Each structure stands twice: as C-alpha cells, then as structure tokens.
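Let me begin by presenting the structure, written as structure tokens, before commenting on it.
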Number of protein chains: 2
Amino acid sequence: MTAVNCGMIDDMSLQQLQYFVAVAEEQHVTRAAERLRVSQPPLSRQIQALEDELGQPLFERRGRGIVLTEFGRHFATKATAILDHVAAVLADSKRWPS
Amino acid sequence: MTAVNCGMIDDMSLQQLQYFVAVAEEQHVTRAAERLRVSQPPLSRQIQALEDELGQPLFERRGRGIVLTEFGRHFATKATAILDHVAAVLADSKRWPS
DNA sequence: CGTCATCGAGATCAAAAAGGTATTGGACGC
DNA sequence: GCGTCCAATACCTTTTTGATCTCGATGACG
C-alpha cells in the first residue's frame, strides 16, 4: 500500500511519545508524572527506553532536574505532530459515518 | 504546544495499527499472522480490542474469512498514514544530526 | 561548610497485558 | 453429510508495565 511502511516500527509506542512530550513540556519528570497520573520511576524508565530505541539521549541529566538535548527538542516537535495526527484520526473515527 | 493533543489517546497502540493494516491488506487473519510472525488468536484479539476502542467494527465476519467494513476501509487508509508518519520520523531521527 | 530539601535513578515486588497451544463452532466445497 | 478451512474462545505462560521504597547526587540556605 505504501513504500515506507514495511517491517516493525521498533518497539516505540504512542504511550512513550505521550510520556516524553509531557516530560519535555514540564522539563521535570516528577511534575510530568503527576500530570500523567503515574509514578515517577516508571516514567523515568519509559523515557530511558525511548532513548534506547532512538539510539540517542533526549535529555541531559543534571544533578537536579533534566534539560532537553537539541535532539530532544527536535524530536519533541515530531512526537507532538504524531500525537496530533493520531488524535485527529481518532476524533474523526468517533464521528463516523461523517 | 498544540490544541488537539490533550488527554490520553485511549489505549490504541502503534502495534494494533500495524496488526490491523496487515489483516486489512491480506483480508485474512491467518495469513496476516504468519506475515507478522505471531499466532492467529492473539492477532484476532488485538483486532477486536481495536474495534472496541474505536467503538465500531472494522471487519464483517463471514462464515469463512473476514471482509473490511466501509469504516474499516476508511480507517485502513488513516492507519497507514499514521504508520508512514511514524516511520518517517523514526528514519529521520536515525539520521540525526542531519 | 554542614544540613536539609529536591530530584531523578535503581531495586524489588505486584498487576496487567500480550503471546502461545489446543480446541470449538460455523460455513463452504465436494 | 463429510472433510476442510477459518476465525473465535478457553486456558495457561511469559513479558511488560506500574507502584513503593530507597539511594546518590546536587543545589539552597543558614
């Protein structure tokens, strides 16, 4: 049907993207965790997992707190676009038949 | 950051979309399962879960085999677009810094 | 400086989700 | 009708995800 979509999309999940965007927006894991209604350690792990899948770090770890890397800022834009795309499709589907 | 992306994207996963697209392309659960390297029952269940999340059926069950509903055809297009989008972002990220 | 509060990461356990095998129920071909 | 094909169901195992507790590190403040 398309050319680019063949094979598995690694193990990246929409949830990881949502988690990442929340942390990126808050620039703060603990606050993002509260917002997402999950506890902080699992959130940290999902971010690490995403970094592993992407092969490069999204955040710099400072002694206290974290800061987006340049790649992290770039990827945050892309991730947000994907989530918006998905949300739009979902909203559209709930209105079916349109 | 955006207007449309607020709240959880239900429980839909990229894997479900991949599974669904495979079944839609094959119009055949068992063949899709072989292609995806999973067994047929889990695949059937993921399709059902996706239908539950969307709130409407993607396939008509005939005595032998399945057929896409009209909504299923519509959604297959959307799902493929999402997967292509994700794959493009992933490919782009692997080339970083570009 | 030294103490304390803050923050993310690690370890461990419990819960939930996904996958596999075996089997059933239903429909089409002959 | 009988055998075959196909998706669905039942049941169990394995993997993944989440929660709690804790540690290590680093700033803030006196």
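Just so we're on the same page: letters track the sequence lines, and every chain starts at 1. Note that the structure is predicted; figures quoted are calculated from it, not measured.
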Item to check | Step-by-step ring-ring contact (aromatic ring centres under 6.0 Å, His included) determination, A:F71 to A:F59 | outcome: CA-CA 9 Å; A:F71 173 69; A:F59 296 95; over 10 Å; no
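- Between A:A79 and A:V21, the shortest heavy-atom contact is CB-CG2, 3.9 Å.
- Here C:dA5 presents its P atom at 17 Å from NE2 of A:H28, a figure rounded to the nearest Å.
- In this structure, B:Q27 places its CD atom 14 Å from C1' of D:dA7, rounding to the nearest Å.
- The distance from atom CD1 of A:I66 to atom P of D:dG27 is 14 Å, rounded to the nearest whole Å.
- When side chains are defined from C-beta on, A:Q18 counts as touching A:L83, because their heavy atoms get closer than 4.5 Å.
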Item to check | Per-nucleotide protein contact string for nucleotides 13-20 of chain C, where B marks a base within reach and S marks sugar-phosphate only (heavy atoms under 4.0 Å, - for neither) | outcome: -----SBB
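- What separates CD of A:E26 from C1' of C:dT6 is a distance of 16 Å, to the nearest Å.
- Counting to the nearest Å, the C1' atom of D:dA7 and the CZ atom of B:R31 are 13 Å from each other.
- Between A:S44 and C:dG8 there is no side-chain polar atom (N or O) within less than 4.0 angstrom of OP1 or OP2.
- Across D:dA8, C:dG8, D:dC6, the shortest atom-to-atom separation from the side chain of B:T30 is found for D:dC6.
- Straight-line distance from the CG atom of B:L14 to the P atom of D:dT16: 17 Å, rounded to whole Å.
- The distance from atom CD of B:Q16 to atom CD of B:E53, rounded to the nearest 0.5 Å, is 4.5 Å.
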Checklist entry - Which is it for A:L17 and A:F75 under the side-chain contact (heavy atoms from CB on, under 4.5 Å) test, yes or no, and what are the steps along the way? => result CA-CA 10 Å; A:L17 296 185; A:F75 190 75; 3.8 Å; yes
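- Electrostatic pairing of A:E51 and A:R61 counts as a salt bridge here, judged by a charged N lying under 4.0 Å from a carboxylate O.
- Note: B:E25 CD to B:R35 CZ = 4.5 Å, rounded to the nearest 0.5 Å.
- Between A:I47 atom CD1 and D:dT17 atom P there is a gap of 13 Å when expressed in whole angstrom units.
- Of all the heavy atoms in B:L54 and A:S93, the pair that sits closest is CD2-CB, 4.3 Å.
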Please enumerate all protein N or O atoms sitting under 3.5 Å from an N or O of nucleotides 25-30 of chain C, with distances to 0.1 Å.
none

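- Residues A:V23 and A:I66 form a side-chain contact, since some pair of their non-hydrogen atoms from C-beta on lies under 4.5 Å apart.
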